[in-house]
Asks: 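Dropping a structure here in structure tokens format, bear with me for questions.
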Amino acid sequence: MPDTKQTHFDAIVIGAGFAGLYMLHKLRNELGLTVRLFDRAGGIGGTWHWNRYPGAMSDVDSYIYRYSFDKELLQEWNWTTRYSPQREILAYLQTVVDRHDLARDIQLGTSIEAAVFDESRDRWTVTADTGETFTSRYLVTALGPLSSRNFPDIKGRDTFQGRMVHTGAWPDDLDIEGKRVGVIGTGSTGTQFICAASKITEHLTVFQRSAQYCVPSGHGPVSEEYVAECRANYDKIWEQARASQVACGFEESDIPAMSVSEEERRRIFQENWDKGNGFRFMFGTFSDIATDPAANEAACEFIRSKIREIVRDPETARKLMPTQPYAKRPICNPDYYESYNRDNVTLVSIKENPIREMTPKGVVTEDGVEHELDVLVFATGYDAVDGSYRQIDIRGRGGRTIQEHWDDGPTSYLGVATHGFPNLFMVLGPNSAFSNLPPCIETQVEWITDLVRTAEESGRTSIETTGQAEEEWTRVCKELADYTIFSKVDSWIFGANIPGKKNRVMFYFAGLANYRQKLDEVAAAGYEGFVLDSSPSMAPA
Ligand code: NA7
């Protein structure tokens with residue numbers, strides 16, 4: 001338990017997920033700083049605390065969906081299935097907390113509502129919903145890019161007498177077994193939920209806005225030999241991941257799709273379909289699925305052919321057939337399309353037949369049908385990246401809010417800092433690398449730690465990125481995004497899933513290896529793009 005009397009710290013960290021826990025470990029156990037980590041949840045884990053819906057799991061192979069820094073834990077941690085379910089990831093993070101004695105500096109159940117920078121003292125003042133106020137020299141926001149829930153307002157929503165839940169706040173007491181369940185949303189979350197819920201509910205009604213490209217995950221048990229091989233090869237595994245684009249553990253392809261014959265293309269698609277995993281299918285098949293329209297269409301057509309093959313009812317298959325490019329975050333599941341062959345699953349295309357309203361009994365669609373439900377699940381995603389920041393009143397130099405600073409969309413330098421907000425470091429801030437998250441988180445946390453160490457050693461009390469560096473990074477990220485097909489499709493990756501939100505670049509699309517190289521170059525050049533200074537009142541007399 002944290003010391004309740006202490007109110008000033010060297011650093012305050014917000015968020016107890018993968019990012020915040022590692023940041024606490026590095027700043028406290030390595031730099032020797034005093035740190036308090038806050039989280040609004042009643043437990044650690046971030047995303048993995050909140051997402052307890054049936055089917056919740058990581059869709060990146062378990063062996064690489066973890067930290068690399070704790071080499072002993074890499075050898076000790078055991079796993080039995082290819083991907084880790086939510087409960088296992090939470091247990092893993094709890095083990096990390098215990099092994100590194102983190103709990104004594106974590107204050108749970110405390111939502112940070114405001115953070116204000118005092119430029120005369122180079123300090124942040126942080127206010128919590130408990131009424132407590134804390135101060136610190138550094139503030140690290142490890143808020144999670146997907147934590148501000150999107151809960152669409154539907155006419156009559158409050159009249160519904162069943163239960164309504166968002167997948168990102170799944171209550172422990174909700175059991176959907178044998179119930180009539182509806183789900184809105186078919187993203188990574190919705191499709192995972194559909195696969196699991198279709199097997200246990202009396203009836204599942206899927207309200208689909210956009211049809212989804214989904215490939216098999218290849219999920220299943222792993223052998224002890226496989227686990228032993230991963231353990232024996234961890235040094236190589238991390239080296240390969242850090243030198244790759246999406247850091248998911250497979251070799252990315254360097255072959256353009258159109259450089260091979262149609263037959264060979266189909267063979268490679270099939271081979272990767274059989275191996276399973278969404279990132280592998282998008283980046284391991286060919287080098288240009290995300291950038292060349294013809295390559296992209298070839299992948300789309302392959303997946304559509306699978307939908308035709310798998311789904312028995314032609315009308316359901318037609319509704320499931322995506323027409324947009326394959327350019328959202330790639331999705332995989334054990335048996336997504338197969339779920340629609342079950343008698344207890346109904347698909348409603350709300351593009352063709354929109355939701356008119358909700359009633360005490362369920363959901364009424366434009367065709368006048370009332371879909372009676374006991375539970376309605378919103379798998380409707382998140383106000384991604386900056387959404388988490390808009391929930392906190394963050395004020396930098398001159399009292400300027402981060403909302404004002406990001407009026408035209410969120411920006412940063414290198415995904416970790418933003419001009420006018422000194423000593424504020426973001427983990428997975430806007431325009432961080434688009435990749436498997438734990439390796440990107442480790443990259444940023446380690447880099448921020450080195451930057452803080454440099455400031456500490458040189459007696460500087462203020463670290464701030466320049467407006468020019470931020471503009472340049474934003475320009476680079478936009479150019480990279482424009483080059484991809486991702487930017488042509490509406491999704492949370494560009495903030496385009498939230499009504500009224502401007503479509504903005506929110507990720508760096510040149511991959512983790514290039515991102516790491518850029519960070520190394522910036523550090524080697526004396527943290528180019530940052531000003532390390534001391535405010536007048538903090539300077540030595
Ligand atoms: P996503 O990927 O944003 O998916 C949300 C889904 O909800 C998607 O199918 C949306 O349709 C649908 N949606 C959103 N708003 C509405 C409304 N108002 N009406 C109907 N349908 C709606 O979120 P996830 O939670 O699945 O995944 C987020 C990330 O978490 C994921 O990529 C992983 O990295 C982990 P749309 O496609 O926008 O038409």
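Just so you know, these numbers use all the heavy atoms, side chains as well, and skip hydrogens, waters and symmetry mates. Counting convention: from 1, in listed order, for ligands and their atoms alike.
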Asks: Mind checking whether Tyr389 and Trp406 have parallel, tilted or perpendicular rings, split at 30° and 60°?
Replies: perpendicular
Asks: Listed by chain and number, what are the side chain to side chain contact (heavy atoms under 4.5 Å, CB included) partners of Glu113, not counting sequence neighbours?
Replies: Asp129
Asks: Give the atom numbers and elements of ligand 1 that come within less than 4.0 Å of a heavy atom of Ile184.
Replies: 20 (C), 21 (N)
Asks: Starting from atom 29 (C) of ligand 1, locate the nearest protein heavy atom and write down its residue, its atom name and how far away it is, to 0.1 Å.
Replies: Leu146 CD1, 3.5 Å
Asks: Starting from atom 12 (C) of ligand 1, what is the nearest protein heavy atom, named by residue and atom, and what distance separates them?
Replies: Gly185 CA, 3.7 Å
Asks: Suppose we measure from atom 4 (O) of ligand 1 to each protein heavy atom; which comes out shortest, and what is that distance?
Replies: Gly187 CA, 3.5 Å
Asks: Which residue holds the protein heavy atom closest to atom 31 (C) of ligand 1, what is that atom called, and what is the gap in Å?
Replies: Ser188 OG, 3.2 Å
Asks: Name the orientation class of the two ring planes belonging to Trp79 and Tyr226 (parallel below 30°, tilted from 30 to 60°, perpendicular beyond 60°).
Replies: perpendicular
Asks: In terms of relative ring orientation, are Phe283 and Phe279 parallel, tilted or perpendicular, with 30° and 60° separating the classes?
Replies: parallel
Asks: Once the angle between the rings of Tyr65 and Phe18 is folded into 0 to 90°, is it parallel (under 30°), tilted (30 to 60°) or perpendicular (over 60°)?
Replies: perpendicular
Asks: Any nitrogen or oxygen of Trp492, side chain or backbone, less than 3.5 Å from one on ligand 1?
Replies: yes
Asks: Which bit of Phe207 is near ligand 1, meaning a heavy atom under 4.0 Å away: side chain, backbone, both or neither?
Replies: neither
Asks: One residue to check: Ile350. Relative to ligand 1, which of side chain, backbone, both or neither has a non-hydrogen atom less than 4.0 Å away?
Replies: side chain
Asks: Tell me the nearest of Arg329, Arg209, Gln324, Gln192 to atom 15 (N) of ligand 1, using heavy-atom distances.
Replies: Arg209
Asks: Tell me whether the rings of Phe193 and Tyr53 are parallel (<30°), tilted (30 to 60°) or perpendicular (>60°).
Replies: perpendicular
Asks: From the options Ala379, Gly381, Pro152, select the one whose nearest heavy atom is closest to atom 7 (O) of ligand 1.
Replies: Ala379
Asks: Under 4.0 Å, counting heavy atoms only: does Lys328 come that close to any atom of ligand 1?
Replies: yes
Asks: Counting only heavy atoms, which portion of Thr186 has something under 4.0 Å from ligand 1: side chain, backbone, both, or neither?
Replies: both
Asks: Does anything in residues 178-198 pair up under salt bridge (Lys or Arg N to Asp or Glu O under 4.0 Å), and if so which pairs, sequence neighbours excluded?
Replies: Arg180-Glu372, Arg180-Asp374
Asks: Starting from atom 39 (O) of ligand 1, which protein heavy atom do you reach first, and at what distance in Å?
Replies: Ser210 OG, 2.4 Å
Asks: Checking the side chain of Tyr234 only, and the main-chain atoms of Ser68 only, is there a donor and an acceptor separated by less than 3.5 Å?
Replies: no
Asks: At what distance, to the nearest 0.5 angstrom, does CZ of Phe494 lie from CZ of Phe507?
Replies: 9.0 Å
Asks: Specify side chain, backbone, both or neither for Asn150, according to which of its non-hydrogen atoms lie closer than 4.0 Å to ligand 1.
Replies: side chain
Asks: Ligand 1 versus Thr189, non-hydrogen atoms closer than 4.0 Å: side chain, backbone, both, neither?
Replies: both
Asks: Could you tell me whether Tyr83 and Tyr63 have their ring centroids closer than 6.0 angstrom?
Replies: no
